[in-house]
Each structure stands twice: as C-alpha cells, then as structure tokens.
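A short worksheet on the structure shown next.
Values reported hereafter were calculated over all heavy atoms of this structure, with side chains retained and with hydrogens, waters and symmetry mates removed.
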Amino acid sequence: MPFDINKIREDFPILHRTVEGAPLVYLDNAATSQTPRCVVDNISRMYYEHKANVHRGVHTLSQEATDLMEEARRKVKCFINATSTEEIIFTRGTTEGINLVASSFGDSLCNGDEIIVTVMEHHSNIVPWQLLQRNRRIVLRVIPIDANGDLMLDAYEDLFTDNTRFVALTHVSNVLGTVNPVKEMIAIAHRHGVPVLIDGAQAVAHRPVDVTDLDADFYAFSAHKMYGPVGVGILYGKRRFLENLPPYQGGGEMIGQVSFEKTTFADLPYKFEAGTPDYVGIAAMTAAIDYINGIGLDNIAAHEQELLKAATSRLMEIPGMKIFGTSAGKEGVISFLVDGIHHYDMGMLLDKMGVAVRTGHHCAQPLMHTLGIEGTVRASFAAYNTMEEVERFTAAVARAAAMFHK
Ligand SMILES: *Cc1c(COP(=O)(O)O)cnc(C)c1O
C-alpha cells in the first residue's frame with residue numbers, strides 16, 4: 001500500500017487550520033496526536049446510535065454497546081499480539097495503567113524491596129512507585145544513560161540484588177527519542193526472576209509492538225497518542241499476574257457476588273475495570289487501530305525517520321544548537337536548546353509562526369536534572385507531518401535564533 005501523505009492529511013481537519021495567521025505546523029505529537037475523521041465519526045455514531053451502558057443490560061442498545069467495546073478489545077489484542085482478550089484491561093491512560101500495577105503489585109512489597117527504573121522515565125512511571133513508600137520502605141534504583149542518551153546496560157545488570165522485585169521502564173523516551181532494548185532488558189530481568197512493566201506510551205503509534213515476542217509482563221499505553229480518543233488507555237498484563245493481583249478499584253462491573261460480609265470479584269479482565277468504562281472512547285479505538293493498520297506501522301516508521309533525519313541535519317546548521325538525545329535508531333522526537341535562548345521563549349516565537357512544539361521538562365524532571373538543564377524545546381513527528389513542515393519548522397527556529405542573537 002503506497003504512503004499517500006496528502007490523503008492522510010485530508011483525514012485530519014485540524015491540520016488545515018491556521019495559527020497566528022500561518023498554516024498550523026503541529027509538532028507536539030509526543031504530547032498528543034491529532035485524531036482522524038474516522039475516529040471522530042465513530043464517536044459521534046456511538047452517541048447517536050448505540051449509547052447505552054455496557055455489560056448490564058438485556059436490551060438491544062446495551063448489547064450493541066457491549067459488542068462494540070469487546071470488538072475494540074479484540075482489536076487491541078491483535079494490535080499488540082497478546083494471547084487473550086482477558087489480558088487487555090481498559091484504563092484511562094498510561095498513567096492509570098501504571099498506577100494500577102504499582103498499587104496492586106505493590107500490595108505484596110515489603111520494607112527494603114527494590115524497584116528498578118530508568119533515569120529517562122516520565123513522571124507517571126516514577127511517582128506511582130514512590131507512592132508505595134508511604135507505608136513501606138521501597139528503594140528505587142535507577143539505570144543511568146550515556147552521552148547519547150542510551151541506557152547503560154552493564155549498570156542495569158549491576159542493579160539487581162536479592163531484594164529486586166520489579167523493573168519498570170519506558171519503551172521509548174518522550175524526551176530523547178531513545179528506543180530502549182526492552183526485549184533484551186526483559187530477558188535480563190527474567191533471568192533474575194523479576195517481572196517487568198513497559199511504558200509504551202511513545203512506542204505503539206510509531207513501531208510494531210508485539211508483547212508476546214517482547215515477553216513483557218505488563219505493557220501500558222494511551223489511545224490519545226495513537227490517533228485515538230482522549231481518556232482511554234490500555235494495560236496489557238500476563239494472565240498469571242493479573243489473576244493473582246488484587247483489584248485496583250472497587251465498584252460496579254468488577255464483582256462476582258457482593259454482600260456486606262464478603263465480595264468476590266469478576267473474572268479477567270473485568271476484575272480491573274470498576275465502574276462504567278469510557279465505552280464510547282473504547283469503541284472508537286477500533287477505528288484508530290484500523291486507521292494505523294491501514295497506513296501500516298512500517299510505513300509510518302519509515303516516514304517519521306525521514307522527517308527526523310531532515311530536521312536534525314537542518315537544525316544542526318543553526319549556530320548554538322544543542323540536541324539532547326543522539327541514540328542510533330532513535331524515534332522521531334527532537335529535544336533541543338539554542339545557546340542563550342530560554343526554551344519557553346523559543347516555543348513562544350515558534351507559535352507566532354504557526355509551529356506548535358512542546359517546551360519545558362516534559363514530565364521528566366529527573367532526566368532534566370541529569371542533563372543539567374531545566375527544560376528543552378521538543379518537536380515530535382507523526383504520520384501526517386510533511387517535509388515542507390520540517391522546512392517551515394527549522395526555518396522558524398533559525399529565524400527565532402537570529403532574532404535573539406542579532
Ligand atoms: C504521555 C506519556 C505518559 C502518560 O500518558 P497519559 O496519557 O498522560 O497517561 C507516560 N509515559 C510516557 C513515556 C509518555 O510519553
């Protein structure tokens with residue numbers, strides 16, 4: 001199937017609007033991707049034609065809504081090559097997925113237990129583990145990075161002790177673009193008998209992910225970063241872990257029998273889905289996954305690599321440019337600073353030229369601390385970005401830099 005960028009752009013009405021009188025160049029895809037018409041239409045159709053609460057009703061609408069939600073679960077299962085739909089839990093996002101595991105798995109942890117994370121984690125894969133420290137002494141051990149932004153695997157191996165209970169790491173850095181060797185790192189953890197959670201928020205929209213091949217024990221991601229709706233996330237977990245973990249939240253949908261003396265819990269995956277889920281957004285996941293599959297993740301990856309290469313070499317021509325994250329095979333994320341220009345000022349100037357980038361610490365303050373900076377400007381690519389946009393973005397950065405340095 002040919003990669004037709006014009007046709008792809010037609011699917012995203014928002015890409016045709018202007019900002020400050022200039023055509024929008026949207027390069028904040030690592031924060032959230034835009035949503036194609038087919039996904040928005042799917043949401044409207046759900047509200048107009050099928051809205052009813054799921055799993056409870058005998059009536060037709062409820063059956064339809066339930067079927068659409070379970071169809072989405074099957075889609076997700078295939079998308080990441082899980083073994084069974086029972087291993088696919090719908091959440092509100094990556095953050096909730098990680099909190100679920102930290103809370104439920106964390107229940108079994110004791111004083112002195114250790115969890116390994118990396119220095120490049122998003123706050124949502126740091127803070128949930130720290131919350132466990134409220135009522136026990138849990139030690140976070142941190143894998144460092146080298147000058148390119150690659151994890152130091154020797155140091156990783158050395159972090160394992162008899163007290164290591166869990167490893168939680170990101171598949172792809174939202175700041176550096178580094179693609180971590182998660183399959184190898186999972187294998188190392190498993191040799192020590194330690195389960196692993198992968199934060200896949202920055203991976204699933206940019207490369208094929210196969211949780212079975214990776215042998216990941218948990219894998220969390222968000223729909224809104226993969227052309228899907230806001231407010232829906234997915235937590236994959238291996239059945240043998242999910243079966244043994246206590247529920248995260250209590251409420252409707254997640255129970256077997258309730259009495260004031262004793263409550264039994266529903267089977268997987270419902271045990272972890274308390275309350276009314278966002279069945280509208282979840283159903284729309286089907287359209288988002290179909291959309292990605294229609295273009296092909298290999299095509300998307302190849303396209304984003306071309307944009308990354310062109311943008312990087314253009315930016316490097318700008319005097320005073322420093323790019324953070326130079327790992328070989330990195331993803332389409334560029335964090336940078338220009339000497340003497342605050343990241344916030346650069347972001348403001350780019351916005352005046354219609355270019356949307358992220359500025360700040362990107363929810364990765366420990367990484368910023370390690371890099372010795374407060375924040376960066378970050379441009380991140382998606383399937384719909386074009387070479388022309390790369391030109392406009394890099395020319396805008398050059399112009400902003402010249403304004404400051406004259
Ligand atoms: C965006 C992001 C998250 C958080 O995702 P939410 O959708 O806000 O829950 C976690 N980890 C990484 C690497 C991210 O990029």
Side-chain angles (χ1 to χ4, degrees), residues 3 8-9 11-15 26-43 46 69 71-82 88-98 122 124-125 170-174 177 179 182 198-211 214 216 218-236 277-278 280-305 307-308 331-333 358 362-363 378 380-385:
F3 187 85
I8 291 170
R9 290 182 71 80
D11 296 328
F12 293 83
I14 202 169
L15 299 178
Y26 185 78
L27 297 178
D28 194 16
N29 295 289
T32 203
S33 58
Q34 297 301 342
T35 314
R37 210 183 290 273
C38 60
V39 172
V40 181
D41 287 349
N42 192 297
I43 292 169
M46 199 70 189
M69 176 163 156
E71 171 63 19
R73 204 187 301 273
R74 277 190 294 278
K75 276 272 153 138
V76 171
K77 169 195 158 268
C78 295
F79 185 63
I80 58 170
N81 194 33
I88 305 296
I89 296 160
F90 286 117
T91 64
R92 286 187 299 128
T94 309
T95 303
E96 191 179 50
I98 298 172
H122 189 283
S124 64
N125 199 24
T170 195
H171 197 159
V172 176
S173 164
N174 67 318
V179 182
V182 290
I198 303 294
D199 171 349
Q202 294 296 340
V204 286
H206 306 283
R207 59 193 51 251
V209 168
D210 180 332
V211 293
L214 294 178
F218 299 96
Y219 196 100
F221 54 103
S222 300
H224 71 96
K225 291 185 181 181
M226 48 182 290
Y227 312 107
V230 179
V232 175
I234 286 94
L235 175 69
Y236 160 81
D278 180 356
V280 172
I282 291 168
M285 275 299 287
T286 306
I289 291 174
D290 285 345
Y291 189 77
I292 290 175
N293 288 338
I295 303 173
L297 271 169
D298 290 326
N299 291 330
I300 293 174
H303 175 68
E304 291 172 356
Q305 283 299 313
L307 301 175
L308 173 69
E331 207 170 84
V333 175
R358 196 75 163 180
H362 315 296
C363 301
R378 181 187 70 188
S380 49
F381 302 112
Y384 42 67
N385 289 125

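Taking His224 as the reference, nothing meets the ring-ring contact (aromatic ring centres under 6.0 Å, His included) condition, with sequence neighbours excluded. Every residue two or more places apart in sequence or in another chain that forms a side-chain hydrogen bond (donor to acceptor under 3.5 Å, both in side chains) with Asn81 is listed here: Asp210. Listed by chain and residue number, Arg358, Arg378 satisfy the salt bridge (charged side-chain N to carboxylate O under 4.0 Å, His left out) test with Asp28 (two or more places apart in sequence, or in another chain). Every salt bridge (charged side-chain N to carboxylate O under 4.0 Å, His left out) that Glu96 has, sequence neighbours left out, goes to Arg92. Remark: Phe218 engages Phe241 in a ring-ring contact (aromatic ring centres under 6.0 Å, His included) (not counting sequence neighbours). Remark: Ser124 engages His122 in a side-chain hydrogen bond (donor to acceptor under 3.5 Å, both in side chains) (not counting sequence neighbours). Every residue two or more places apart in sequence or in another chain that forms a salt bridge (charged side-chain N to carboxylate O under 4.0 Å, His left out) with Arg73 is listed here: Glu70, Glu273. With sequence neighbours excluded, no residue satisfies side-chain hydrogen bond (donor to acceptor under 3.5 Å, both in side chains) with Gln202. Residues meeting the salt bridge (charged side-chain N to carboxylate O under 4.0 Å, His left out) test with Arg9, sequence neighbours left out: Glu389. Partners of Tyr219 under the side-chain hydrogen bond (donor to acceptor under 3.5 Å, both in side chains) rule, at least two apart in sequence or in another chain, are His171.
Applying the salt bridge (Lys or Arg N to Asp or Glu O under 4.0 Å) rule to pairs touching residues 286-301 yields Lys75-Asp290, sequence neighbours excluded. Within the structure, the salt bridge (Lys or Arg N to Asp or Glu O under 4.0 Å) test picks out no pair touching residues 222-231 (sequence neighbours left out).
With rounding to the nearest 0.5 Å, the separation of CD1 in Ile14 from CZ in Arg37 is 12.0 Å. One distance of note links CD1 of Ile43 with CG of Asp278; it measures 8.0 Å at 0.5 Å rounding. A distance of 9.0 Å separates OG1 of Thr286 from CE of Met46, quoted to the nearest 0.5 Å. Between the OG1 atom in Thr91 and the CD1 atom in Ile282 there is a gap of 8.5 Å [rounded to 0.5 Å].
The minimum heavy-atom distance linking Asp199 with Thr94 is given by the pair OD1-CG2, 3.4 Å. For the residue pair Ala220 and Leu235, the shortest heavy atom distance occurs at CB-CD1, 4.1 Å. Between Ile88 and Ala82 the shortest heavy-atom distance is CD1-CB, 3.9 Å. Considering every non-hydrogen atom in both Ala72 and Ala283, the closest pair reads CB-CA, 4.2 Å. Contact detail for Asn299 and Ile295: the closest heavy-atom pair is ND2-O, 2.7 Å. Smallest separation of non-hydrogen atoms from Met285 and Pro229: SD-CD, 4.3 Å.
Proximity of Phe221 to Ile80: side-chain heavy atoms (C-beta onward) are separated by under 4.5 Å at one or more points. Residues Asn29 and Asn385 have side chains in contact (heavy-atom distance under 4.5 Å, counting atoms from C-beta outward). Side-chain contact between Leu308 and Gln305: present, with at least one pair of heavy atoms (C-beta onward) separated by less than 4.5 Å. Within the 4.5 Å cutoff, the side chain of Tyr236 has no heavy atoms near those of the Ile198 side chain.
Exactly one residue among Ile289, Leu297, Val209 makes a side-chain contact (heavy atoms from CB on, under 4.5 Å) with Val204. That residue is Val209.
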Next on the checklist: Working note: Phe79 + Ile292, criterion side-chain contact (heavy atoms from CB on, under 4.5 Å); need CA distance, chi angles, decisive distance, verdict.
Outcome noted: CA-CA 10 Å; Phe79 185 63; Ile292 290 175; 4.1 Å; yes

Next on the checklist: Between Val179 and His206, is the side-chain contact (heavy atoms from CB on, under 4.5 Å) condition met? List the steps.
Outcome noted: CA-CA 11 Å; Val179 182; His206 306 283; over 6 Å; no

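Side chain of Tyr384 to main chain of Gln34: a donor-acceptor pair is present (N/O by atom type, distance under 3.5 Å, no hydrogens or angles). Although no hydrogens or angles enter the test, the distance criterion places a donor-acceptor pair under 3.5 Å between the side chain of Ser33 and the main chain of Tyr227.
The six-membered or imidazole ring of Tyr291 lies near that of Phe12, with a centre-to-centre distance under 6.0 Å.
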